[in-house]
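Accompanying notes for the structure given below.
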Amino acid sequence: MSDTSSKPQSRRDWLLTDAPLTRHQARLGAFYQGWLTFRANKLAMLGLIILILLIGMAIFAPWLAPQSPFAQNLAGRLQPPSPEHWLGTDALGRDIMSRLIYGSRITLFIVGTVALIAPVIGLFIGTVAGFAGGWVDQVLMRITDIFLAFPKLILALAFVAALGPGIGNAVLALALTGWPPYARLARAETLTIRNADFIAAARLQGAGRMRLLIRHIWPLCISSLIVRVALDMAGIILSAAGLGFLGLGAQPPMPEWGAMISDGRIYILDFWWVAAMPGLAIFIVSLAFNLLGDGLRDVLDPKGAKQ
Amino acid sequence: MIPPPTPSDRAAARRRRFRSIGGTILSLVLTLFGLLLVTFIIGRVMPIDPVLKVVGDRATQAQYDAAYVAMGLDQPLYIQFYRYITDVLTGDFGRSISTGQLVVDDIRRVFPATVELATLGTLIGVLVGVPLGVIAAARRGGIVDQIARVVALIGYSMPIFWLGLMGLLIFYGILGWVGGPGRQGIIYDGMVPNVTGMILADSLLAGDWDAFRDAFSHIILPASLLGYFSLAYISRMTRSFMLEQLSAEYVTTARVKGMSERRVIWGHAFRNIAIPLVTVIALSFGSLLEGSVLTEIIFSWPGLGQYITKALLAGDMNAVLGGTVVIGVCFVLLNLFSDLLYRVLDPRSK
């Protein structure tokens with residue numbers, strides 16, 4: 001690779017060089033190599049494509065949906081899938097496909113918010129515990145253990161019951177019950193980094209605790225947290241749908257997928273599509289997240305992938 | 001050569017072990033304390049007025065105030081919390097507003113149904129999941145491994161309540177193979193004497209085969225459903241434990257000595273994963289107790305999950321928190337059980 005600098009470089013060579021000239025090049029190169037590994041995993045690519053389609057669906061919902069998700073037509077209720085209503089209509093004659101398309105916005109909102117809040121809480125608590133050590137560590141980890149010892153869904157149920165049903169409270173409940181595994185992970189990472197030479201070097205240069213934590217420790221914890229988040233996304237979707245199914249998440253007439261299954265429950269034996277379609281949507285999306293998560297783990301955490 | 005342990009070494013080891021068991025118990029107590037603290041806080045921040053629920057909205061201000069004082073709500077929070085803890089420790093979760101019964105009696109009535117369901121589910125998960133995981137590891141990349149992978153992937157991606165509905169549609173609605181929602185057909189209701197609260201066991205004890213068959217036809221679908229999720233997890237863990245063992249040197253030694261592959265796998269490697277596997281099974285059982293919430297709703301199964309959810313929608317906080325505490329305690333105890341089992345069975349952890 002040493003003589004490549006004399007030849008005119010392709011962009012690929014520039015990215016894959018062994019001797020990056022700038023930090024920027026090194027970073028992009030590492031990213032590109034990860035992408036190559038990821039791209040080789042067909043299932044992970046499938047997951048990525050499904051999720052891109054989902055995001056596109058959420059953005060362009062008004063253009064894609066054949067009807068309004070709220071438009072009722074009691075004369076045409078509980079109609080089976082047909083060319084007019086591809087996925088049939090529900091008990092109020094609403095077009096199920098339109099509702100599914102708009103529902104993708106709610107799903108993405110819930111998953112996105114929980115996947116943002118819970119790891120940040122976990123990262124903060126875990127790194128502070130690992131970095132500070134001593135009694136701070138003891139107290140924070142004890143709290144984490146207590147939350148870990150709880151059944152998650154039940155705790156989320158109790159939270160939503162106390163705060164009142166609704167989409168915001170569902171997000172809050174899922175985030176409040178979801179952070180402990182991230183805290184453990186971040187603490188474990190911090191413990192391995194804490195005594196590294198580069199931390200000692202930064203400290204000797206006069207870096208304060210806050211700076212060490214934010215500039216040196218957080219960035220190194222993030223990649224394993226991302227893997228974990230990607231693997232947890234499907235679980236978040238399923239929990240959110242479960243809350244919606246129980247009537248504790250998004251409230252009617254919002255087209256939340258879990259709540260839509262709940263609407264179709266009483267018709268299951270005669271009008272199966274009302275409950276079947278939203279369930280299929282949940283399944284496809286969480287499958288996509290699982291596939292993506294596996295692929296990301298292979299890229300970012302090769303050690304964990306072998307198990 | 002490692003010198004043989006001296007008496008003082010042994011005493012030190014005993015002290016260490018004692019301390020670690022003491023630590024386990026301490027952490028158990030702390031966890032239970034935390035559980036109660038969290039449920040207490042949840043019970044306080046809720047927007048539902050507990051006094052109004054008791055006295056009704058036609059009560060005069062004087063009646064309201066009297067009930068307010070009687071419920072101890074005029075006391076400082078820490079005294080309320082202290083009372084809450086002592087109540088719970090004596091098994092008093094208060095009275096359920098929706099059923100009018102003591103919550104503890106309600107739980108005693110509905111909990112066996114949940115345990116029955118979760119036990120059968122775990123049993124299915126173990127009986128299918130463990131062999132599946134072992135074979136998947138023994139023939140890595142083979143057809144069984146692929147199937148196990150797909151089964152687990154689907155299990156992790158499928159909403160349990162939806163799969164339950166589809167199961168009802170197919171096996172009850174279309175094929176008619178299983179009994180419908182509920183625990184029993186209506187003619188069998190109350191036919192077998194209630195001993196354990198688990199109908200399968202009770203009908204066996206009474207020797208009533210028809211009742212047993214009926215109960216079985218009702219439980220098999222929800223139990224298989226829970227069993228599926230349990231086996232998705234158990235087979236994955238079994239596979240990874242086995243892979244770890246099979247790459248160990250003692251396995252190579254055994255193979256070199258000419259031992260049959262079957263004995264290597266089941267006699268050597270599998271024996272060594274038995275202990276971590278028990279932990280996995282205990283955890284899986286705990287998560288089925290929790291996972292039964294959604295399943296019980298779908299199958300109108302009169303268990304703890306359905307009880308909690310109904311209470312939740314009725315704003316019956318005593319019942320919700322009582323149920324949450326019971327499931328939480330089961331969780332903690334299962335964790336403790338697997339932890340202790342590990343210590344007892346695994347000589348290395350001494």
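Computed from a prediction, not measured in an experiment: that's the story for all the values here. Lettering follows sequence order; numbering is per chain, from 1.
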* **Region of B:Phe161 in contact with chain A, defined by heavy-atom distances below 4.5 Å** => side chain
* For the residue pair A:Phe147 and A:Trp179, is the inter-centroid distance of their aromatic rings smaller than 6.0 Å? -> yes
* Structure fact -> Most contact-rich option vs chain A, by heavy-atom pairs under 4.5 angstrom, among B:Leu165, B:Val293, B:Leu321, is B:Leu165
* What is the minimum heavy-atom distance between A:Ala115 and A:Val229, and which atoms define it? -> CB-CG1, 3.8 Å
* Check each atom of B:Leu334 against the heavy atoms of chain A and say whether the ones under 4.5 Å are side chain, backbone, both or neither. => neither
* To do: Say whether, by atom type as modelled, one donor and one acceptor occur between the side chain of A:Trp273 and the main chain of A:Gln79 under 3.5 angstrom.
  => yes
* To do: Counting only heavy atoms closer than 4.5 Å, note whether A:Leu280 contacts chain B via side chain, backbone, both or neither.
  => both
* So which part of B:Val38 gets closer than 4.5 Å to some heavy atom of chain A, the side chain, the backbone, both or neither? -> side chain
* Quick one: of B:Val332, B:Ile327, B:Ile160, B:Leu289, who has the most non-hydrogen atom pairs under 4.5 Å with chain A? -> B:Ile327
* Taking the six-membered ring for Trp, are B:Phe81 and B:Phe40 parallel (under 30°), tilted (30 to 60°) or perpendicular (over 60°)? -> tilted
* Structure fact -> Smallest heavy-atom separation, B:Phe93 atom then B:Val88 atom, equals CE2-CG1, 3.8 Å
* Of all of B:Ile297, B:Thr39, B:Ile174, which one pairs up most often with chain A through heavy atoms under 4.5 Å apart? -> B:Ile297
* **Residues, nucleotides or ligands: over 12 heavy atoms within 6.0 Å of B:Arg149 CZ** => no
* Is it the side chain or the backbone of B:Tyr172 that comes within 4.5 Å of chain A heavy atoms, both, or neither? -> side chain
* Asked: Would you say the side-chain atoms of B:Ser287 and B:Ser284 include a donor-acceptor pair closer than 3.5 Å?
  -> no
* Asked: B:Ile298, B:Thr324, B:Val320: which one forms the most heavy-atom pairs within less than 4.5 Å of chain A?
  -> B:Ile298
* Please look at B:Ile308 and chain A and tell me whether the side chain, the backbone, both or neither of the residue comes under 4.5 angstrom of a heavy atom of that chain. => side chain
